[in-house]
Amino acid sequence: MHGQLTLRISALAGTLAVAGSALAQYDIGDSWHRQTDWAPGTLPGTTAGNPSPGFDGIPVWSHEAVAGGGGLDADTPWYAQPSTQLSWDTNWWTTGQSGWTNGEDVNPPIFQDRMVHHAANQGFNDVPLVRWLVPGTEDIAVDIDGTLSVLWTGEDFIGTDRDVELVVARDNGDGTIDVLFSDRVNKPNPLDTVGDTMDSNVDLNTVLLDSDDSIIISGRAVDSTGRRGHWMAISDDLTIEVVPIPAPASIALLGLGGLAALRRTRR
């Protein structure tokens, strides 16, 4: 089984109140997992049920698509583009698969176990994006650990040689995005073959988040194959588990997460 991408979350006093109601509290050891948490949409052809809930019924998993933008090194990368909510498709291209899509049989799809970027000319511009929303009103800390796995595939399960870019980033909710992790992975076999996969390990500790921040997870082929029937399936096998917010004296040791905390204290 592939490694799991783990998000560990803790409230400042060991609990996190969710505004308004009989509010859930989050303790060290509480966990979310997108594939386990997976819930179908409630009305085909609509966004009802997106974002979908975590283990405690509070919506945290947003299934989205972005259009345009460049690669990881671009001034305007794909993952920073405005996103749209995907709608529920009960039977993707009559395959019997259900998932979140850009319309009935319209790319990109996000299924329970993977998001898919179509690498042919038609559909290349539209990229899947999973967003994890902070489930409360308090600042929290997040560990992100595990594996993103790429499968090169297509018609007759044949994958073609295109590098795939992966990103985990923090959307700060104020129009800025911090890249926490990025990678560019190569197809192991440069020929058109069946079953080529590559894993990319993620190990991020104590990323600090405001209540209006979110975590972005996405991936795409670096360019089009120029032919029909090729796509990149990216498995975001996600687990979530709580960690404490560090003492103020420790924040400076946390790298990017610590810098974000300092930025917030100066607002």
Determine whether a donor-acceptor pair (N or O, by modelled atom type, separation under 3.5 Å) exists between the side chain of [X] and the backbone of [Y].
| X | Y | result |
| --- | --- | --- |
| Asn91 | Thr95 | yes |
| Asn125 | Gly68 | yes |
| Trp61 | Trp38 | no |
| Thr147 | Ser149 | no |
| Asp174 | Thr176 | yes |
| Thr46 | Leu43 | yes |
| Asp156 | Ile158 | no |
| Asp196 | Asn189 | yes |
| Asn50 | Leu86 | yes |
| Glu165 | Arg184 | no |

Could you tell me whether the side chain of [Y] reaches within less than 4.5 Å of the side chain of [X], counting heavy atoms only?
| X | Y | result |
| --- | --- | --- |
| Leu151 | Met232 | no |
| Asp171 | Asp213 | no |
| Trp132 | Val168 | no |
| Val127 | Tyr79 | no |
| Asn205 | Asp145 | yes |
| Ile110 | Val116 | no |

Taking a hydrophobic cluster as the set of Ile, Leu, Val, Met, Phe, Trp and Tyr residues connected by side-chain heavy atoms closer than 4.5 Å, whether directly or through intermediates, do [X] and [Y] fall within one such cluster?
| X | Y | result |
| --- | --- | --- |
| Val150 | Ile217 | yes |
| Met198 | Met115 | yes |
| Leu72 | Leu129 | yes |
| Trp32 | Ile58 | yes |
| Val60 | Phe111 | no |

Contact summary for [X] and [Y], nearest pair of heavy atoms:
| X | Y | value |
| --- | --- | --- |
| Ala221 | Arg162 | CB-CB, 4.4 Å |
| Pro109 | Pro128 | O-CB, 4.4 Å |
| Gln35 | Gln112 | O-NE2, 2.7 Å |
| Leu133 | Ser214 | CD2-CB, 4.1 Å |
| Ser224 | Phe124 | N-CE1, 3.5 Å |
| Ile234 | Val164 | CD1-CG1, 4.2 Å |

So, applying side chain to side chain contact (heavy atoms under 4.5 Å, CB included) with Asn172, which one of Asp178, Leu209, Asp210 is it?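 Among Asp178, Leu209, Asp210, the one that satisfies the side chain to side chain contact (heavy atoms under 4.5 Å, CB included) with Asn172 is Asp178.
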
Partner of Val66 by side chain to side chain contact (heavy atoms under 4.5 Å, CB included), out of Pro108, Ser83, Pro82: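 Passing option: Ser83.
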
How far does [atom1] of [X] sit from [atom2] of [Y], to the nearest 0.5 angstrom?
| X | Y | atom1 | atom2 | value |
| --- | --- | --- | --- | --- |
| His63 | Trp88 | NE2 | CH2 | 8.5 Å |
| Asp161 | His230 | CG | NE2 | 10.5 Å |
| Asp89 | Thr101 | CG | OG1 | 4.0 Å |
| Gln81 | Ile177 | CD | CD1 | 9.0 Å |

Got a sec: does the CD of Gln97 have more than 12 other heavy atoms crowding it under 6.0 Å?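 Counting other residues, nucleotides and ligands, CD of Gln97 exceeds 12 neighbours.
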
Without hydrogens or angle criteria, can the side chains of [X] and [Y] be said to hold a donor-acceptor pair below 3.5 Å?
| X | Y | answer |
| --- | --- | --- |
| Asn102 | Asn107 | no |
| Thr160 | Lys187 | no |
| Trp92 | Asp105 | no |
| Ser218 | Trp78 | yes |
| Asp237 | His33 | yes |
| Thr47 | Gln85 | no |
| Arg114 | Ser235 | no |

Identify whether the distance between the nearest side-chain nitrogen and carboxylate oxygen of Arg34 and Asp236 falls below 4.0 Å.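 A salt bridge links Arg34 with Asp236.
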
Using 30° and 60° as the class boundaries, would you call the ring planes of His118 and Trp231 parallel, tilted or perpendicular?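 Taking Trp231 first and then His118, their aromatic rings lie parallel (interplane angle under 30°).
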
Show the numbers, then the answer: is there a side chain to side chain contact (heavy atoms under 4.5 Å, CB included) between Ile215 and Leu180? CA-CA 9 Å; Ile215 295 293; Leu180 306 173; 3.9 Å; yes

Residues Trp152, Val185; criterion side chain to side chain contact (heavy atoms under 4.5 Å, CB included); working and verdict: CA-CA 11 Å; Trp152 285 261; Val185 297; 4.1 Å; yes

